Amino acid sequence: MEKPKMALYWCASCGGCEEAVVDLAEKILDVINLVDIVFWPVAVDFKIDDVEKLPDGSIVASLINGGVRLSEHEHVVKLLRRKSKIVVAYGACSSWGGIPGLANLYDKEEILKYVYGDAPSVDNPGGVRPREKHVEEVELELPSFLPRLLPLDVVIDVDYYIPGCPPTPEVTWKALEILLSGNLPPKGSVLGASDRALCYECPLNNTKPDKILLKDIKRPHQVIVDPEKCLLTQELICLGPVTRGGCGALCIKAAMPCTGCFGSLDEVIDYGGKAVSYFASILDYYTEEDVERILDRLPDPMGVFYRYTLPASRLRGKIKTTMR
Amino acid sequence: MREVIINPITRLEGHGKIVVVLDDAGNCIKAYLQVPELRGFEKFAVGRHAEDMPQITPRICGVCPMAHHMASTKTLDDLYKVDPPEPAKKIREMVYNIFMLEDHALHFYILAGPDFIVGPKAPKTERNVIGVIKKVGNEVALKIIGMRKKLRKLNETIAGKVIHPVFGLPGGISRPLSKEVVEEARKISDEAIEFAEFTYKIFKDIVLKNEEYVNLITSEAYTHRTYYMGLVDDKNRVNFYDGKIRVVSPRGLEYAKFDVHQYLDYIAEHVEPWTYIKFPYLKKVGWRGFIDGEDSGIMSVAPLARLNAAEGMATPRAQEAYEEMYSMLGGKPVHHTLANHWARVIEIIYAAERFRELAYDPDIESRDVRKIPTAIPDVGVGVVEAPRGTLIHHYETDERGVIKKANLLVATQHNAARIALSVDKAARSLIKGGVIDEGLLNMVEMAFRAYDPCHACGTHTLPGNLPIKIYIYNTEGQLIKTIERF
């Protein structure tokens, strides 16, 4: 019997998702035995032409990581959508934009102006910028830098999500087992991770009181924590209560708060909004002066609460409006 | 005029592309390596909490996240003017050497291995990781996989996550090491020494005994006479974690030695319209275009450059290997790009020896691993040697520690101009009279693989065979021939 075909692709990613797959270690051999990987630029022959030649829908599943940032990414993911039965957003960037999605707080021109002009080491008196079409001896083309970074499901229809920055090998393996079992959950499901908040699997959960009321908020560099005690009770912004479990509480085991890379639980529309509302509910603050004080204690709520999810949030990022 | 497009270079981040331009006689007159990748980290860092940068910047590269994490953490020490307790510095440096060892070993065996271990002229079907396993044997292959797994697990335990670590904070690390972790680290460090020795033996037995390969290393096609840059300790020996930046000229003389705070006096970045990558060069020497030599500010970083820029290694076995390389290749500096693989093996030995030294240092058992910063933040600059070369972070903040400005000089960038030179030279030396054969693909592939370029983030990980497809167009823009190499 022919093995099911699978594809893996990266958009604006860091390569960490690819490493996460490689960290399956000896299990990667099982994957190779079970499926026929027809496309994986980082690891096997690049055969985009071959993908184009495949009949539509002939790839059983495509796992795509990274947000869509360049015109080239858009082209390839649309092709993979056409050729695949199932498309899976693999990792935080593909699912919701991830950390590179914070670039949506700035527009394209601001980014290019800084990177190629204002950055202190740049020596560019002629104001040269990389161009989509540039003629030297021949015409040299670069893919265009899109106005903003897009989560995968804004560009194409997505069937499932595997969360994490990156997803751990355990989560990846569980998700692959589900995909290969043929016993598929409803469309839009999150695969491989937990259905409950991170706190439930956190080793410090038994030190978390039923009711928390915070007098103050501290940033991680301002406090030496007790690694045996719930970080929330030590006034750190630990996002465990609003974040999907499944990672095994890796950061917390290293005495650092959860920053939310597994995203929200089912039914939550806006991760950052949910996180803000959770913290608003446990802060022992009542007056306007208190609000001023908290903003001073936490000057970058965007980077804290929307670190991995800004492009997929209700806020989306900086959007220019023009007056009529 | 015709163009030949090598597109895309798989396992190059953002699908790098090489365009070769031919004249009417079919001779190569120019080759371009284009890097179509841009995400704007320096811009969206603005507005973030400085202490979040050690977690934000590793997302630049998921293959070398520890390099960014460490450069960023050290930048925070400087930003908050806080000197971490000695045990914290030692644990950081230990973790860092574990990372260098694991990353370098992967490149040597999995990526470069097919060229070196199987041989540059072996049949294509064998020039991949399976071929490497066949040549070294199953037992050895399992040893390599096992070592990688242990080293990565250990770093996960200490740093929180191995891909995108979290333990670095201004003034130290998030928590001390438990007794069990210290014991585990010591045990693994013993194995690491053995692993490094064994890797060196493989390199000597298989590579250095192959005359053909040694000739290739020293051939003119892979030789560029550029400046070299790397971090050195107070005795001018290689150090990955800390030190001064030292630059030597193409003649091997010290051109500069400076503290990272002065980097803007020495390094500037040049912009080209046909690629998104910027090209750092030595500011005072100047940008003279894509040429090598004493008058061109192009410099090189990464293993060979680090060894060239230093006067030796700080550990005994690595020092022996260092002396051996320079005596075999005729003294310093070595300008042969392919000697990077050799230098990488020497650094594997150093990383293992340094890891072991630090693992057995009683300081790493200490509970004193954090100092809470008290100064008002303003400007911070930090540096480490990433596997692929010198990595500089520079942040400016307001008094609340919110980033106002960030500048990042990433390792592969420093090599970008020299990599462009290598690709151009390989293409020119091979493509003549319209003859384009598989040899070109081999040459081009080996020319830039030696640098282990970070646009090739994932490259370390899987089969070492670089698939390339060349499209050849005639002057009317019609596709007349394609050559594939899988």
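Just so it is clear, the model here is predicted, and its values are computed rather than measured. Any value given below was found using the heavy atoms of this structure, including those in side chains, with hydrogens, waters and symmetry copies removed. Numbers restart at 1 for each chain; the letters A, B, ... are given by sequence-line order, proteins then strands.
Between the side chain of A/H221 and the main chain of B/P373, no donor-acceptor pair closer than 3.5 Å is present. Judged by distance alone, the side chain of A/S95 and the main-chain N or O of A/P163 form no donor-acceptor pair under 3.5 Å.
Proximity to chain A (any heavy atom under 4.5 Å) is restricted, for B/H164, to the side chain, taken from C-beta onward. Contact annotation for B/I173: neither backbone nor side-chain heavy atoms come within less than 4.5 Å of a heavy atom of chain A. Contacts between A/S144 and chain B at a heavy-atom distance below 4.5 Å involve the backbone alone (N, CA, C, O). At a 4.5 Å heavy-atom cutoff, A/A249 makes no contact with chain B through either its backbone or its side chain. Residue contact with chain A, scored on non-hydrogen atoms closer than 4.5 Å, involves the backbone and the side chain of B/I56 alike. For a residue to count as touching a neighbouring chain, one of its non-hydrogen atoms must lie under 4.5 Å from one of that chain's; by this rule B/L264 touches chain A with the side chain only. Only the side chain of A/T259 comes within contact range of chain B, judged by heavy atoms closer than 4.5 Å. Residue B/A45: no heavy atom, backbone or side chain, is found under 4.5 Å from chain A. If you measure heavy-atom distances from B/V46 to chain A, the contacts under 4.5 Å come from both the backbone and the side chain. If you measure heavy-atom distances from B/Q55 to chain A, the contacts under 4.5 Å come from both the backbone and the side chain. Heavy atoms closer than 4.5 Å to chain A are found in both the backbone and the side chain of B/E42.
Between chain B and the options A/V21, A/L102, A/I111, the largest number of non-hydrogen pairs under 4.5 Å is found for A/L102. Each of B/E269, B/K405, B/K278 has some count of heavy-atom pairs under 4.5 Å with chain A, and the biggest count is that of B/E269. Looking only at heavy-atom pairs under 4.5 Å with chain B, the residue among A/E141, A/K108, A/K133 that has the most is A/E141. Of the listed residues A/G126, A/A119, A/C165, A/C251, the one with more heavy-atom pairs under 4.5 angstrom with chain B than any other is A/C165. Interface check for chain B: of the options A/K253, A/E132, A/R297, the most heavy-atom pairs under 4.5 Å are formed by A/K253. Of the listed residues B/R370, B/R48, B/H49, B/E156, the one with more heavy-atom pairs under 4.5 angstrom with chain A than any other is B/H49.
Each of A/C247, A/P227, A/C202 was compared with A/I252 under the side chain to side chain contact (heavy atoms under 4.5 Å, CB included) criterion, and only A/C202 meets it.
Counted by atom type alone, A/E18 and A/N65 present one or more donor-acceptor pairs between their side chains at under 3.5 Å. A donor-acceptor contact under 3.5 angstrom links the side chains of B/N407 and B/Y263, judged on distance only. In this model, a donor atom of one side chain and an acceptor atom of the other lie less than 3.5 Å apart for A/T172 and A/Y90.
Of the charged side-chain nitrogens involved, at least one lies within less than 4.0 Å of a carboxylate oxygen, so that A/D23 and B/R152 count as a salt-bridged pair.
Shown here are the ring pair (Phe, Tyr, Trp, His ring centres under 6.0 Å) partners of B/H414, two or more places apart in sequence or in another chain: there are none. The ring pair (Phe, Tyr, Trp, His ring centres under 6.0 Å) check on A/F145 picks up nothing, with sequence neighbours excluded.
Shown here is A/K113, whose NZ atom has no more than 12 heavy atoms of other residues, nucleotides or ligands within 6.0 Å.
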